[in-house]
Colleague: 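After the structure tokens below, expect a handful of questions from me.
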Protein chains: 2
Amino acid sequence: MPATGRTGSTGSTGRPAGPVTRFSATVELVPVIISVDQTTPKLLTVRSPAHIAGQGRGAAALPSGYLDDALDRTLEQGVRRLVANELGLPVRYFEQLYTFGNRDRAPDGRALAVAYLALARYQPVHGPGEPEWRSCYDLFPWEDWRGGRPRLIDDVVVPALERWLATSPAGVLPTRTERAELTFGTGQARWDPVRALDRYELLYELGLVAEAAAGGKREAGGPRQGAGVTGGALAGDGLEGLGGLGVPLVFDHRRIAAAALERLRGKLAYRPVVFEVLPETFTLSTLQQVVEAFAGQHLHKQNFRRLVATANLVEPTGEAHVRTGGRPAELYRFRREVLRERPAPGLGLRRLGGP
Amino acid sequence: MPATGRTGSTGSTGRPAGPVTRFSATVELVPVIISVDQTTPKLLTVRSPAHIAGQGRGAAALPSGYLDDALDRTLEQGVRRLVANELGLPVRYFEQLYTFGNRDRAPDGRALAVAYLALARYQPVHGPGEPEWRSCYDLFPWEDWRGGRPRLIDDVVVPALERWLATSPAGVLPTRTERAELTFGTGQARWDPVRALDRYELLYELGLVAEAAAGGKREAGGPRQGAGVTGGALAGDGLEGLGGLGVPLVFDHRRIAAAALERLRGKLAYRPVVFEVLPETFTLSTLQQVVEAFAGQHLHKQNFRRLVATANLVEPTGEAHVRTGGRPAELYRFRREVLRERPAPGLGLRRLGGP
DNA sequence: GGAGGATATGCTCACACAGAGTATAAGTGC
DNA sequence: GCACTTATACTCTGTGTGAGCATATCCTCC
């Protein structure tokens, strides 16, 4: 299958079996652009053309576009160009996320989506396609634990999980039980903020997100690993709104967004990515609020300060920031040098422990 | 750029600009199949057709192949099918690695490579294309520190780094110095086994790997981030063999392999992936040797046992394994249940600390 | 201008765990 | 029997995390 040559084979070797049957596909680039507004983590959505997904006015979608073979030497350059040209948004961090290529992820022929996580400072975005910042937790309301355990988990998710388990064949019951407990922290397992993609995919299998209906018809926008839909939709639940938890996006875009949230949360612990959404100077409280916004959890304030201090990630500017009420906080600046000083200069939030 | 519809635009929005100028490209699937033979980590290579890369008999390459749109619902299914059909190798773990899409990564037209990390138990492989297990450290001799700091680092790499720094413009000198120290652990920074890809890419920029010559002509198989070649080749060095450190692979395949090694090393700490290359039962010494093989470092034996024990990753079988000389070791078995018990059931080798 | 509230900042304690070393057990070969 | 090799158990110590208490400095309101 060294299909790297012009005349190779269909298989893994140089077996001289005639001309190569290459595989070509549409390739789209999908940036998941994330920022934060005050204490709300946001991501950028656009309106898909109205005829897509059979919804009026055009359903919400992630921005996406095509590589320009002439202009873009690398994939990342392509994403950068798209975001710069079409949205005019200065993005401060890019990272390739995952390549989604399920056959049925788009309705008209196989298209590969190379997704990127992008971080930007919050600013208004204008342009065609109605770009709009949207709270990440509109898409994933079960992910925000800052106000305590979200009600919909006990009201909707847990009952659905229990039905799922109750109708499980005995063979897979232990597996499913442990998966459910681990993913949603229901048993003795603790809620792990990072497993955002796992949770979305399990909710998909449970039929609790709107995309599951369309996806079921299209076979599976479902599990990432191609494990097949093992749950089966449990439609007609106590779901919110129009038939599913949270705001859906077209196709598998919400899955892509979930992957981005998972990656971002995981990165918080060992890479100083938060600073890419913050202004030049900021208070430690602001820093903490932003981390909490992304993590979806409150953190112990004093320990957080100690962490930031010992990590040597920031330096004081000497100035102070006055807010309403309370002692003014000192303003800090990100020490960008640490990127080259230490291997893993993150906020070592091992378990993202909250109070 | 919601190019998800049939009639979209060229940009980030629904601007009605006529029919979509979609982008299509050849997409190949590239599994990096890794295993271990005794204490040697190995990866599977094949022979590319002889005319590729202008080398006799066909240079070594990673296996690769094409998706079959009819057969493969998901990308991972495609990789599984390729490996099963062409190599007949039972692979026990798959994970998408990265998508490589630099314009010049292949000589004849843009081809995207969706790379997968694959883990298998070691067994002979037959088939067309001359599949062959090859030591990972043939490709990356600087990565194996089990016999102490590899000589070629001080003999070849460090001098090249010093020349690189000596010829640096003052503006980028601090950046480069810190990058060099962090990547190769030369300054006060410690060697971080995980940064295998960073090291390969820096060596590429330094012109110390054979691919840099061809890649330089082709603009850049170079840095992953598309940062451009900032170093410039320093040809005519004290390089080994045929003009570069380690055994080269065709195109950017060695970069892909480096990415796989990096991912694998990173995963060791928080996912029990080692067991996928081990037989059903094994001794703790064997387990440690395999981890050491992948990590390229020796580990403190007693602490390793404690780690494995407290992590509850294995259970004794009751049987013992007799080897030549010394007390017989007990045989253990992987407790696959832990995958569902704890969020991150790895061998918490935070810094992969050796003795 | 003093009280009370709010936020920022500093310090301490307990505990878990990683790193490193020492000691003992159970085989082999002579 | 002995020397040698490998496996396994236990101890000690420093670091860093989780949690709580205490103090500082501003605001607003009376």
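Letters A, B, ... are given to chains in the order of the sequence lines, protein chains preceding strands, and every chain is numbered from 1.
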Colleague: Using whole Å, what does the distance between atom P of nucleotide D/dT11 and atom CZ of B/R305 come to?
Modeller: 16 Å
Colleague: Tabulate atom names and distances for all N/O pairs under 3.5 angstrom spanning the protein and nucleotides 22-25 of chain D.
Modeller:
unit_1: D/dA24; atom_1: N3; unit_2: A/R327; atom_2: NH1; d: 3.0
unit_1: D/dT25; atom_1: O4'; unit_2: A/R327; atom_2: NE; d: 3.4

Colleague: For the pair made of CG in B/L307 and P in D/dT8, what is the distance, rounded to whole Å?
Modeller: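 Rounding to the nearest Å, CG of B/L307 and P of D/dT8 are 16 Å apart.
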Colleague: Side chain of A/R306, heavy atoms from C-beta onward: which of C/dT9, D/dT8, C/dT12 has the nearest atom to it?
Modeller: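 In terms of side-chain proximity for A/R306, the closest of C/dT9, D/dT8, C/dT12 is C/dT12.
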Colleague: Between C1' on C/dA8 and CG on A/L287, what's the gap in Å once rounded to a whole number?
Modeller: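 It is 14 Å, rounded to the nearest whole Å.
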Colleague: Does the ring center of A/F275 lie less than 6.0 Å from the ring center of A/F282?
Modeller: yes
Colleague: ring-ring contact (aromatic ring centres under 6.0 Å, His included) with A/Y122: which residues, sequence neighbours excluded?
Modeller: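 Result, ring-ring contact (aromatic ring centres under 6.0 Å, His included) vs A/Y122: A/W133.
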Colleague: Check the phosphate of C/dT9 against A/K301, side-chain N and O only, distance under 4.0 Å to OP1 or OP2. Yes or no?
Modeller: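 False: A/K301 side-chain N/O out of range (4.0 Å or more) of C/dT9 OP1/OP2.
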Colleague: For B/T283, answer base if it contacts any base atom (sugar-phosphate contacts may also be present), sugar-phosphate if it contacts only those atoms, and nothing otherwise; contact means non-hydrogen atoms under 4.0 Å.
Modeller: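 No contact.
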Colleague: Between B/S285 and B/N303, which is nearer to the 5' end of DNA chain D once each is assigned its nearest nucleotide?
Modeller: B/S285
Colleague: Ring-plane angle category for A/F140 and A/Y200, please: parallel below 30°, perpendicular beyond 60°, tilted otherwise.
Modeller: perpendicular
Colleague: Quick one: list whatever passes ring-ring contact (aromatic ring centres under 6.0 Å, His included) with A/Y332, sequence neighbours left out.
Modeller: none
Colleague: Who are the ring-ring contact (aromatic ring centres under 6.0 Å, His included) partners of A/Y116, not counting sequence neighbours?
Modeller: none
Colleague: Is the distance from OP1 or OP2 of D/dG16 to the nearest side-chain N or O of A/T310 less than 4.0 Å?
Modeller: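 It does not, given that no N or O in the side chain of A/T310 lies less than 4.0 Å from OP1 or OP2 of D/dG16.
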Colleague: Report the distance from atom CZ of B/F304 to atom P of D/dT8, rounded to the nearest whole Å.
Modeller: 12 Å
Colleague: Figure out the NE2/P separation between B/H298 and D/dT6, and round it to whole Å.
Modeller: 13 Å
Colleague: Find the distance B/L331:CG to D/dA7:C1' and express it as a whole number of Å.
Modeller: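 That distance rounds to 13 Å.
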Colleague: List for me each residue that meets side chain to side chain donor-acceptor pair (under 3.5 Å) alongside B/Y137, sequence neighbours excluded, and say none if there are none.
Modeller: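 B/Y137: side chain to side chain donor-acceptor pair (under 3.5 Å) contacts with B/R265.
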Colleague: Would you indicate which nucleotide in C/dG21, D/dT11, D/dA19 comes nearest to any side-chain atom of B/H300?
Modeller: C/dG21
Colleague: Measure from CD on B/Q289 to C1' on D/dT6 and round the result to the nearest Å.
Modeller: 11 Å
Colleague: With sequence neighbours left out, what residues match A/F294 under ring-ring contact (aromatic ring centres under 6.0 Å, His included)?
Modeller: none
